[in-house]
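Each residue takes its place number in the sequence, starting with 1. Computed over heavy atoms, backbone and side chain alike; hydrogens, waters and symmetry mates excluded. Order of appearance sets the numbers: ligands from 1, and atoms from 1 within every ligand.
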Amino acid sequence: MVITIDGPAGAGKSSVARKLAQRLGFHFLDTGAMYRTVTHLAMQRGLDLQDSAAVEGLASGIEIRLEHDRVWADGCDVSVSIRTPEVTRNIRFVADLANVRHVLNRKQRSLVVSNDYVTEGRDQGTEVFPDATCKIFLTASPEERARRRQRQLSASGQEVTVEQLLAEQNLRDDQDQSRDVGRLVAAADAITVITDGMDELQVVDHLEALVRGKL
Ligand code: C5P
């Protein structure tokens with residue numbers, strides 16, 4: 001069984017999807033971490049990120065392992081290095097490459113064959129698992145997402161204005177919504193959940209009720 005959660009950056013998908021998976025006794029797949037891993041390794045190896053054949057070769061050849069909140073690429077722990085601002089800024093070049101998306105889609109499908117999964121990303125309900133048991137499109141207003149991000153950063157000692165975060169977020173939203181393949185869009189049969197005014201526990205409770213209603 002596969003439950004997909006798609007939505008824009010900053011909608012809180014990862015933590016909500018992880019908690020939902022725990023409650024259901026399912027595995028959790030963070031597909032953004034896979035795009036981040038390929039981007040990080042391509043940068044580290046000095047590849048031209050727009051060289052689709054080179055990046056595809058890299059993506060096909062690496063073994064990406066996701067365990068709890070850690071990410072391993074060919075046995076190396078890349079959990080921290082895939083989340084730097086440089087990787088986030090460059091990821092769009094990799095995410096725009098249709099052949100690389102096909103490689104990662106195949107990896108994602110092969111992971112879920114033997115277990116129940118909650119998967120999270122941009123294209124899970126549309127491209128990767130069109131027959132998923134339940135599809136959620138999780139979103140919030142741009143201002144709410146930027147405010148949440150500011151609170152998160154502030155808690156870790158980084159002070160950034162909401163305006164700056166909003167500008168970066170709008171850019172990422174535009175890039176994610178406008179790519180030719182795997183663009184961010186709600187699947188026709190997805191349930192859209194707008195989380196403005198809800199805390200994380202309320203969102204997880206709501207999604208659990210939605211999913212259990214479909215099982
Ligand atoms: O979810 P996260 O913010 O870690 O994803 C990073 C980026 O990876 C997204 O902004 C998007 O460009 C790309 N991505 C994607 N398809 C997915 C997951 C992530 O294109 N399924």
Distance-only N or O hit between ligand 1 and Asp176, under 3.5 Å: yes
Which of the ligand 1 atoms, numbered from 1, are nearer than 4.0 Å to a heavy atom of Arg172: 2 (P), 3 (O), 5 (O), 6 (C), 7 (C), 9 (C), 10 (O)
Atom indices of ligand 1, in the order listed, that fall short of 4.0 Å to a heavy atom of Gly121: 18 (C), 21 (N)
The protein heavy atom nearest to atom 18 (C) of ligand 1 is Thr31 OG1, 3.5 Å
Protein heavy-atom partner closest to atom 19 (C) of ligand 1 - residue, atom, separation in Å: Gly32 CA, 3.6 Å
For atom 4 (O) of ligand 1, what's the nearest protein heavy atom and its distance? Arg36 NE, 2.8 Å
Under 4.0 angstrom from ligand 1, any heavy atom of Arg92? no
Could you state whether Ile191 and Tyr117 fall into the same hydrophobic cluster, counting links through intermediate Ile, Leu, Val, Met, Phe, Trp or Tyr residues with side-chain heavy atoms under 4.5 angstrom apart? no
Do the side-chain N and O atoms of Gln175 and Arg172 include a donor-acceptor pair separated by under 3.5 angstrom? no
Just by distance, do the side chain of Arg122 and the backbone of Gly182 share a donor-acceptor pair under 3.5 Å? no
Whether Arg179 lies under 4.0 Å from ligand 1, heavy atom: yes
Count the heavy atoms of every other residue, nucleotide or ligand shown that sit under 6.0 Å from CD1 of Ile194, and state whether that count exceeds 12. no
Within the 3.5 Å criterion, strictly below it, is a donor on Glu200 or Ser15 matched to an acceptor on the partner's side chain? yes
Is Lys107 reaching over with its side chain to a backbone N or O of Ala59, donor-acceptor style, under 3.5 angstrom? yes
For Ala95, counting its heavy atoms only, list the atoms of ligand 1 lying under 4.0 Å from any of them. 12 (O), 20 (O)
Ligand 1 to Asp123 polar contact by distance, N or O atoms, under 3.5 Å: yes
Run the side-chain donor-acceptor check on residues 85-95: report pairs under 3.5 Å with partners two or more places apart or on a different chain.
| residue | atom | partner | partner atom | Å |
| --- | --- | --- | --- | --- |
| Thr88 | OG1 | Arg36 | NH1 | 3.0 |
| Thr88 | OG1 | Thr84 | O | 3.2 |
| Asn90 | ND2 | Glu86 | O | 3.0 |

For atom 20 (O) of ligand 1, find the nearest protein heavy atom and state the residue, atom name and distance (0.1 Å precision). Arg101 NH1, 2.8 Å
Thinking salt bridges, do Asp69 and Arg18 make one under a 4.0 Å N-O criterion? no
Ranked by distance from atom 7 (C) of ligand 1, the top protein heavy atom is Ile91 CD1, 3.6 Å
Considering non-hydrogen atoms of the protein only, which is the closest contact for atom 1 (O) of ligand 1, and what is the distance? Arg122 NH1, 3.1 Å
Donor + acceptor pair across side chains of Glu120, Thr31 (<3.5 Å): no
